[in-house]
Number of protein chains: 2
Amino acid sequence: MVNLKDLAKELNVSVSTVSKALKSSHEIGAETKKRVIELAQKMGYSPNPYAGFLRHHKSKTIALIAPELTNNYFIQAISGAESVAQEKDYHLLIYCTNDEFAKEESILKHLQNGRVDGVIMSLSTATQSYQHLNDLIQSGIPIVFFDRICHEIETAKITTDDFTSGFNATEHLIQNGCKDIAYLSISENLSIDNKRKQGYLEALNKHNIEALPSRIIKCTGDEKNNYKKIKQLFQSDKIPDGVFASIEKLALSTYYVCNELKINIPKDTKVICFSNLRTAPLLNPSLTTITQPAYEMGKQAAAILFKNLDKKRSLIGNENIILKSELIARDSTKQ
Amino acid sequence: MVNLKDLAKELNVSVSTVSKALKSSHEIGAETKKRVIELAQKMGYSPNPYAGFLRHHKSKTIALIAPELTNNYFIQAISGAESVAQEKDYHLLIYCTNDEFAKEESILKHLQNGRVDGVIMSLSTATQSYQHLNDLIQSGIPIVFFDRICHEIETAKITTDDFTSGFNATEHLIQNGCKDIAYLSISENLSIDNKRKQGYLEALNKHNIEALPSRIIKCTGDEKNNYKKIKQLFQSDKIPDGVFASIEKLALSTYYVCNELKINIPKDTKVICFSNLRTAPLLNPSLTTITQPAYEMGKQAAAILFKNLDKKRSLIGNENIILKSELIARDSTKQ
DNA sequence: AAAAAAAACTAAAACGTTTTCGCAAATAAA
DNA sequence: TTTATTTGCGAAAACGTTTTAGTTTTTTTT
C-alpha cells in the first residue's frame with residue numbers, strides 16, 4: 001500500500017507538498033501538482049482512511065443495528081440505508097442483536113470509541129432500559145431510530161402510522177364479517193406493538209365489540225413457543241374468526257397452525273398482518289398485508305442522520321417522521 | 001471521548017504507563033495497574049480503533065459485497081458472516097453492487113486503502129473482467145468468494161454442488177413426467193449458472209431427451225424483461241411441461257405468468273428452482289426447491305477469511321469448499 | 001535599488017495509540 | 001560494601017495524514 005511518503009521520496013519533494021498537491025492547494029505550483037497527481041494515479045495511491053480520522057475525527061462510517069437480519073422488513077430498510085450511505089460516500093457497518101438485550105448493550109458499548117459517526121437502529125424486543133442508548137449519545141454519537149423506536153430518547157425517529165394501520169387492519173376484518181378477532185402481540189416493550197394494539201382496541205370499541213384480554217396473545221421471539229400459543233388459540237372450543245398479527249412471522253405461524261389443524265383461511269378464520277413479504281400474493285391463500293415502506297424508512301433514517309452529521313452539533317433534536325403504510329387486501333381476509 | 005492522555009493527566013502518570021497498565025503489562029506495579037484500570041472503567045475509556053490501526057495495520061473490519069441485498073439467499077449468507085464477525089470481535093461492512101459492474105469496480109477500489117482486512121464477495125452478473133479483483137488482492141487485501149465465485153482468481157471459494165443439484169432438479173422433473181423442460185438462465189457470466197445448466201443438460205442426455213437451445217431462456221437482472229420472456233415461453237403453441245429456474249426470482253416470475261395465463265402448476269407445467277424462500281411451503285402451490293445452506297456458506301466464508309487473516313501471508317491459496325444443497329419436493333412438481 | 005508582497009515549497013507538530021529504549025530506585029548477589 | 005540484577009516507570013519515536021508556521025526565492029511596488 002503506497003503512502004504519501006513513498007510519493008514524496010519518488011518525486012524528491014516533501015510529504016506536505018504531496019499532500020497539498022493532491023488537495024490542489026493554491027500553495028503548490030502547477031507543474032508540481034501535475035507531477036504529483038500523475039504519479040499518485042500511476043502508483044494507485046489512496047489516502048489511508050484511518051490516518052485521516054486522527055485529524056478530523058470523522059470516520060465516514062455509520063452503523064445500522066437491527067434485531068434480526070433475515071427479516072423482510074429489516075433487510076429492505078438496510079438496503080435503503082445502504083443506498084444512501086453509498087451515495088454519500090459513507091461506509092455502513094451492520095450489527096444484529098438477535099433480539100437480545102445483552103448483545104444490544106455490548107454492540108453499543110463497542111461503538112462508543114469513535115468507530116462510527118452515527119447510528120441507525122431498531123430496538124430489540126427485550127430492551128427495557130435505556131442507559132446504553134444514553135451513554136452512546138452522551139459520548140457524542142447520534143442515534144436515529146426507525147420502526148422499533150425509543151420514545152424516551154430525544155432524537156429523530158422514523159415510524160409508520162401504526163395506530164391508524166392497526167385500526168384499519170382491525171376494521172378491515174370487521175367489515176369482512178369478523179366479530180371475534182385475536183391480536184398477536186410480539187412484545188409489550190415495543191411502542192409499535194402497543195400502538196398497533198391501541199388501534200385494534202379502538203376499532204373494536206368503535207364497532208361495539210367487546211375487547212377480551214384472552215384474545216390478546218402475548219408472543220415472543222421464540223418461534224416454537226409462539227407456534228404452541230397460536231395452536232392453543234385454535235384448539236379451544238371457540239376459535240377466533242379473525243387474526244391480526246403484529247408482525248409477519250406470527251401470521252406465517254398462524255398459516256402453519258391452520259394448515260395442521262385443517263382450519264380454512266379465510267372461511268374459518270381471516271388473517272391480516274404487518275408484512276413486507278414479496279410473495280404475499282402467491283401464498284395459499286394470498287395474504288392480506290399492511291405493508292410498511294421499509295426501503296424508504298431506511299433511506300430516510302440515513303438521510304436524517306447525514307443531515308445532522310453535517311452540522312457541528314452532534315445532538316439531534318426530537319423529530320417524528322411518520323410514513324404511511326399500505327393495506328393491501330388479498331384472499332386471506334375475503335368474505 | 002476520553003483518551004489515554006486524559007487518564008494519564010488525572011492519575012499523574014505518563015501515557016505509556018496508562019497504556020501498559022491497561023494491557024496488564026508486567027512492567028507496571030500492581031497498585032498502579034489497579035488505579036489505572038479503575039479510572040478507565042469509571043471514565044468509560046475505550047481505545048480509539050483508528051489510532052490503533054496506524055500501529056498494527058489491522059482494521060478489525062471486513063467487507064461483504066453482494067449483488068443484491070433484498071434476496072433470501074444473500075441475506076442469509078450475510079447473517080452467517082455477521083455472526084462469525086461478531087464472535088471474532090470484527091466489524092462487518094456491507095456493500096451492494098446492484099449487479100452493476102461499474103459499482104463493483106468502484107467499491108473494490110475504495111477498499112484498497114486498508115479500510116478492511118479482507119473481503120467476502122459474490123460477483124455481479126455483469127462482471128466479465130477481473131482486473132479490479134486482482135488489483136485488490138495485489139494491494140494485500142484477501143478475497144474469499146461465495147456462490148457467485150470467480151474461477152480465474154486463486155483464492156478460497158465456497159459453493160454448493162451446483163452441477164449435481166442441477167442434474168437432480170432436472171431428473172426430479174423427468175421422474176415426475178416432464179419431457180420438455182425449460183431452463184431459466186440468469187447470466188452466462190456466472191459459473192454457478194453454467195454448472196446448473198450443465199447438470200440440466202446431463203440429465204436430459206441421460207434420459208434421452210433432446211436438449212433444445214430454444215428451451216434455454218436467457219434472463220437478466222431486468223425483472224420486466226424476464227417476465228416478458230417467460231410469458232412468451234408460455235404463449236407459444238407448445239408450452240414446456242417443466243421449468244427449472246436457476247434462481248428464485250425467475251421461479252416467482254413463472255408463478256406470476258402462470259397465474260395470469262391461467263396455466264395450472266403442476267398440472268400443465270411443473271416448477272422447480274434454487275431458492276431460500278422460507279415461505280416456499282405456503283405458496284400456491286407449494287414450491288419445490290433446491291435450497292442452499294446460505295447461512296452456513298456465509299459462516300464458512302467468514303471463517304476461512306479469518307483463518308487466513310491470522311496468518312502473516314495475505315494471499316489465500318486455492319481452496320474449493322463445496323456444500324450440499326437440499327432438494328425439497330413440494331406440490332409444484334407433483335405428478 | 002530598496003522594500004514589500006507573493007509564490008512555492010519545507011519542517012514540524014498534531015491526532016491517539018503502542019512500543020522500544022533508557023533511567024532511576026530497589027533488591028539481590030558477590 | 002560493591003557490583004549486578006530486577007522492578008517500575010517515563011521519554012520519545014512511529015504509524016499516515018493534515019495543517020500551521022516558517023523559509024527561501026521570485027516578483028511587484030515604491
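As the structure is a computational prediction, the values presented were derived from the model and not from experiment. Atom set for the values below is all heavy atoms of this structure, side chains included, hydrogens, waters and symmetry mates excluded. The chains referred to below are lettered A, B, ... by the order of the sequence lines, with proteins before strands, and numbering in each begins at 1.
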query: For nucleotides 9-19 of chain C, read 5' to 3', which letter fits each nucleotide if B means a protein heavy atom sits under 4.0 Å from the base, S means only the sugar-phosphate is that close, and - means neither?
result: BBBB-BBBBBB

Spell out, as yes or no, whether a donor-acceptor pair under 3.5 Å connects the side chain of [X] to the backbone of [Y].
X	Y	answer
B/Tyr50	A/Arg115	yes
B/Asn308	B/Ile304	yes
A/Asn318	A/Thr155	yes

query: How long is the gap from CE on B/Met121 to CG on B/Leu108, to the nearest 0.5 Å?
result: 5.0 Å

- prompt: Among side-chain atoms of A/Glu104 and A/Thr127, is any donor-acceptor pair under 3.5 angstrom?
  reply: yes

query: Side-chain donor-acceptor pair under 3.5 Å between A/Thr70 and B/Gln76, yes or no?
result: no

message: Are B/Tyr95 and A/His91, when compared by the centres of their aromatic rings, separated by less than 6.0 Å?
response: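 Here the rings of A/His91 and B/Tyr95 have centres that are less than 6.0 Å from each other.
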
- prompt: At what angle, to 10 degrees, do the two end axes of the helix from C/dA1-D/dT30 to C/dA30-D/dT1 meet, given five pairs define each axis?
  reply: 60°

